[in-house]
Amino acid sequence: MRNGIPNLSALQAFEASARLGSFSRAAEELALTHSAVYRQVASLEERLGVQLFTRVRRRIVLTDHGAEYAGRIRHHLEQIEKDTFGLVSRTGMGRSIHIAVVPTLATTWLIPRLADFHRLHPDITVSLSVRTLPFQFKDQPFDGALYHASGIWPGTQGVLLFPEKELVPVCAPSLPRQPDDGLAGLTHLHLSSRPEAWRQWYNAQGLAYGPQAAGGPRYELFTMVLAAAQAGLGVGLVPHFLAQPALQAGVLVQPVAQVLSVGQGYYFGYPQSDDRPDALRVFETWLKSTA
């Protein structure tokens with residue numbers, strides 16, 4: 001062991017416990033027992049001389065020092081993983097890239113098309129991780145990112161894959177509503193990351209945005225909004241290209257014709273560098289042709 005560097009197993013146990021908020025869940029992820037994870041974290045605290053967690057009955061809460069340390073350790077562990085993948089890719093076992101993605105676009109658009117990429121480039125492995133907020137590549141173990149924005153992230157380069165164009169109201173065909181009353185009386189389903197979308201839709205139509213529209217439930221992902229709409233829980237406002245398959249299948253309908261035009265789009269970006277991995281260049285070319 002290098003002086004000053006804790007045992008890697010202890011760091012993994014701490015990072016997993018911090019990320020999952022539970023020794024038991026960390027134990028499941030690491031294939032260890034609860035007591036083994038607890039001992040690893042306790043030994044790390046003893047070695048550092050710093051309390052990392054506050055233990056309240058069966059709950060654990062990161063201290064301020066613990067939260068800061070967890071973020072740094074997570075970054076270093078992810079970098080070790082990325083370096084390991086990079087070594088493997090240079091030793092005859094194929095090339096690999098790690099891409100950050102927004103979740104709904106990944107599950108509904110990217111992943112269904114990846115089989116075509118693997119057919120064309122079987123030697124390139126594409127790993128995906130979810131990120132919903134902008135980040136700096138120097139702080140994250142990613143080669144590129146597929147994200148929703150108004151433009152290319154500062155300090156990066158990339159390409160617009162396709163514009164989002166419009167958000168459309170959708171609901172289940174069986175959802176009770178009165179003829180010619182628009183969306184009055186319907187529960188409005190909101191996306192947490194776009195809290196102003198319904199307000200903007202109402203403003204664009206010259207309509208009042210009242211408590212009925214504002215008071216609906218919030219969901220983290222568009223897939224959740226679509227699922228809730230199909231379940232008859234209310235009316236959602238979603239990108240047309242995401243709703244189109246369900247609209248064509250008849251499991252969702254557009255209760256009113258008015259849409260919300262938007263200027264954002266879906267971009268593929270990566271760090272500004274002349275030494276971009278060849279696998280990333282290949283993936284970008286495929287993305288552009290597919291989009």
Side-chain angles (χ1 to χ4, degrees), residues 100-112 130-135 145-154 158 160-178 180-269 291:
V101 293
V102 286
T104 298
L105 190 70
T107 56
T108 61
W109 185 84
L110 177 59
I111 291 177
V130 168
R131 291 294 185 276
T132 57
L133 297 174
F135 60 84
L146 205 163
Y147 56 91
H148 174 267
S150 298
I152 295 291
W153 285 346
L160 171 67
L161 296 178
F162 52 87
E164 193 170 55
K165 295 184 178 179
E166 61 186 23
L167 305 182
V168 299
V170 294
C171 66
S174 59
L175 193 68
R177 47 187 293 269
Q178 297 298 319
D180 303 322
D181 67 351
L183 303 182
L186 295 183
T187 299
H188 287 49
L189 311 174
H190 298 260
L191 187 73
S192 300
S193 60
R194 304 199 199 182
E196 295 299 310
W198 270 119
R199 183 189 300 276
Q200 293 166 355
W201 184 89
Y202 272 84
N203 289 342
Q205 319 313 324
L207 301 174
Y209 180 68
Q212 173 67 33
R218 268 64 178 164
Y219 297 95
E220 189 172 0
L221 306 176
F222 271 130
T223 48
M224 295 179 178
V225 175
L226 287 168
Q230 290 186 36
L233 296 179
V235 57
L237 191 62
V238 301
H240 183 264
F241 81 95
L242 291 179
Q244 189 169 14
L247 291 170
Q248 291 176 337
V251 295
L252 286 176
V253 296
Q254 188 175 332
V256 294
Q258 294 89 340
V259 302
L260 175 65
S261 298
V262 293
Q264 296 84 8
Y266 292 91
Y267 291 80
F268 181 64

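Shortest non-hydrogen contact noted between Gln230 and Ala172 is O-CB, 3.8 Å.
Note that CG of Leu105 and CG of Leu110 are 7.0 Å apart. Values are rounded to the nearest 0.5 Å. Note that the CE atom of Met224 and the CG atom of Leu189 stand 13.0 Å from one another [nearest 0.5 Å]. Note that NE2 of His148 and OG1 of Thr104 are 11.0 Å apart. Values are rounded to the nearest 0.5 Å.
Pairs engaging residues 205-225 under the ring pair (Phe, Tyr, Trp, His ring centres under 6.0 Å) rule: Tyr202-Tyr209 [sequence neighbours left out]. Annotation: salt bridge (charged side-chain N to carboxylate O under 4.0 Å, His left out) contacts involving residues 196-212, sequence neighbours excluded, comprise Glu196-Arg199.
A 4.5 Å side-chain heavy-atom check between Leu167 and Arg194 finds at least one atom pair inside the cut-off. The shortest distance between side-chain heavy atoms of Val235 and His188 falls below 4.5 Å.
Counting heavy atoms of neighbouring residues, nucleotides and ligands inside a 6.0 Å radius, atom CD of Glu220 does not exceed 12 of them.
Taking Tyr266 as the reference, Glu164 meet the side chain to side chain donor-acceptor pair (under 3.5 Å) condition, with sequence neighbours excluded. Residues that satisfy the ring pair (Phe, Tyr, Trp, His ring centres under 6.0 Å) test with Trp153, not counting sequence neighbours, are Phe135, Tyr147. For Pro103, the side-chain contact (heavy atoms from CB on, under 4.5 Å) partners two or more places apart in sequence, or in a different chain, are Val130, Thr132, Leu221. For Ala291, the side-chain contact (heavy atoms from CB on, under 4.5 Å) partners two or more places apart in sequence, or in a different chain, are Trp109, Leu161, Phe162.
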Output a table of donor-acceptor pairs, distance under 3.5 Å, between side-chain atoms of residues 236-260 and any protein atom two or more places apart or on a different chain; print 'none' if there are none.
{"from": "Gln254", "atom 1": "NE2", "to": "Val256", "atom 2": "O", "distance (Å)": "3.0"}
{"from": "Gln254", "atom 1": "NE2", "to": "Ala257", "atom 2": "O", "distance (Å)": "3.3"}

